[in-house]
Number of protein chains: 2
Amino acid sequence: MPLKKNVRKIRSPAPLPRAEGHRQTRREHAIEIAEDYAEAIADLTLETGEARVVDLAQRLGVTHVTVNRAIARLQRDGFVSSQPYRAIFLTEKGRHLASASKRRHELVVAFLISLGVSERVARLDAEGMEHHVSAETLAAFQGALPRKGQQG
Amino acid sequence: MPLKKNVRKIRSPAPLPRAEGHRQTRREHAIEIAEDYAEAIADLTLETGEARVVDLAQRLGVTHVTVNRAIARLQRDGFVSSQPYRAIFLTEKGRHLASASKRRHELVVAFLISLGVSERVARLDAEGMEHHVSAETLAAFQGALPRKGQQG
DNA sequence: CGAATAACTTAGCAATGGCTACATTGTTTC
DNA sequence: GAAACAATGTAGCCATTGCTAAGTTATTCG
């Protein structure tokens with residue numbers, strides 16, 4: 001008596017959509033690093049005039065070796081241009097990514113803070129969350145944010 | 001003439017904290033899969049009585065091979081117990097992780113929906129965001145959510 | 001200028017997380 | 001019980017993302 005341990009025929013009919021979210025999350029993971037680097041490069045360029053491997057390493061909390069290889073991939077994918085032993089520059093594509101990322105990042109931080117989350121935690125959480133905030137959700141965050149001009 | 005391209009001495013003094021967020025994000029990435037699997041296993045066990053490799057694969061949007069290896073890691077790390085060609089069961093530790101993940105997941109979805117995000121997008125975004133929502137932020141979400149009993 | 005130092009690069013290891021192709025085991029069905 | 005088929009497991013590929021160690025190149029400074 002097989003006891004019907006495996007009910008192999010009656011595969012569940014509906015739970016397909018669930019997979020979609022996971023697929024999207026994986027897709028987003030693939031571009032997270034590009035976004036983080038683009039943002040960091042843009043910031044450093046503003047702050048110090050150029051983005052160097054060591055500075056990126058310090059800022060992202062990885063070794064300079066990791067940065068080096070990441071930059072190679074970003075260059076391969078057209079986000080940055082760099083020459084050996086020289087500073088790193090964003091391409092048009094990279095600048096685009098950086099500004100979008102930066103805007104989203106800051107909006108997420110501001111939104112969390114507006115909810116009462118401490119600035120420290122808001123910044124920590126935003127770093128991970130931001131990459132998974134779609135345009136629609138970002139718009140909702142923006143909408144829920146208290147307006148700038150009307151502080152009364 | 002070196003033109004002072006590299007101003008190597010004046011390393012920026014403050015941008016250290018930024019790295020902390022990235023480090024946390026990487027830490028969270030490391031447990032994302034455990035959380036997703038634990039939640040999926042818990043759900044499937046409820047829905048169909050047991051969690052099988054194929055079902056997990058379908059639900060998570062990966063091949064059964066990927067599931068197989070992930071399960072091996074989860075078993076190594078004490079989240080699940082499984083025997084070859086048999087269903088997968090959560091350990092106490094795994095159940096704990098699953099229930100926490102599930103609660104957080106549902107709260108994030110509910111919160112996004114309450115902001116006006118469509119259910120579809122809320123579910124898609126939550127899948128990626130949830131892993132980076134700290135206890136503090138989760139509490140803020142909870143607090144911002146309209147109460148259950150007072151729908152007026 | 002040349003040595004010292006800082007920055008960068010390269011080589012190579014480990015873990016993760018996808019995959020396809022193929023082998024094995026379990027279940028169902030005749 | 002054996003064949004057919006579904007499910008699971010194994011081997012091995014590739015890419016990513018960390019790392020350390022060791023070699024190169026630039027910059028700075030005596």
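Reminder, nothing fancy here: chain letters follow the sequence lines and each chain counts from 1.
Among the nucleotides dA11(C), dA26(D), dT10(D), the one closest to any side-chain atom of Val65(A) is dA11(C).
For the pair Asp55(A) CG and dC8(C) C1', the computed distance is 13 Å after rounding to whole Å. Atom CG in Leu56(A) sits about 16 Å away from atom C1' in dT17(D), given to the nearest Å. Atom CG of Leu44(A) is separated from atom P of dA7(C) by 14 Å (rounded to the nearest Å). Between the CD atom of Glu50(B) and the P atom of dT8(D) there is a distance of 9 Å, given to the nearest Å. The separation between Ile71(A) atom CD1 and dT9(C) atom P is 9 Å, rounded to whole Å. Rounding to whole angstrom units, NE2 of residue His64(B) and C1' of dC22(C) are separated by 10 Å. Computed from coordinates, the Gln58(A) CD to dC8(C) C1' distance equals 16 Å when rounded to whole Å.
Side-chain nitrogen and oxygen atoms of Arg52(A) include at least one within less than 4.0 Å of the OP1 or OP2 phosphate oxygen of dC8(C). For dG9(D), the OP1/OP2 oxygens have a side-chain nitrogen or oxygen of Asn68(B) closer than 4.0 Å.
Under 3.5 Å, the side chains of Thr45(A) and Glu50(A) contain no donor-acceptor pair of N or O atoms. Between the side chains of Gln75(A) and Ser82(A), at least one donor N or O sits under 3.5 Å from an acceptor N or O.
Side-chain N or O atoms of Glu136(B) include one that pairs as donor or acceptor with a backbone N or O of Ser118(A) at under 3.5 Å.
Within the 4.0 angstrom heavy-atom criterion, only backbone atoms of the sugar-phosphate kind lie near Val53(A); the bases stay farther away.
In this structure, His29(B) and His132(B) have perpendicular ring planes: the angle between them is above 60°, well past the 30° mark.
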Table of protein N/O atoms under 3.5 Å from nucleotides 15-18 of chain C N/O atoms:
unit_1, atom_1, unit_2, atom_2, d
dT16(C), OP1, Arg76(B), NH2, 3.0
dT16(C), OP2, Arg76(B), NH1, 3.3
dG17(C), OP2, Arg73(B), NE, 3.3
dG17(C), OP2, Arg73(B), NH2, 3.3
dG17(C), N7, Arg69(B), NH2, 3.2
dG18(C), N7, Arg69(B), NH2, 2.5
dG18(C), O6, Arg69(B), NH1, 3.2
dG18(C), O6, Arg69(B), NH2, 3.3

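Each of Val80(A), Asp55(A), Asp36(A) was evaluated against Ile41(A); a single residue qualifies, Val80(A), per the side-chain contact (heavy atoms from CB on, under 4.5 Å) test.
The cluster map of Ile, Leu, Val, Met, Phe, Trp and Tyr, joined by side-chain heavy atoms under 4.5 Å apart, puts Leu115(B) and Leu138(B) in the same cluster.
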Checklist line | salt bridge (charged side-chain N to carboxylate O under 4.0 Å, His left out) between Arg27(B) and Glu20(B), intermediate numbers included | finding: CA-CA 11 Å; Arg27(B) 243 175 281 130; Glu20(B) 197 47 47; 3.4 Å; yes
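Side-chain atoms of Tyr85(B) come within donor-acceptor range of the base of dT24(C), with a qualifying N/O pair under 3.5 Å.
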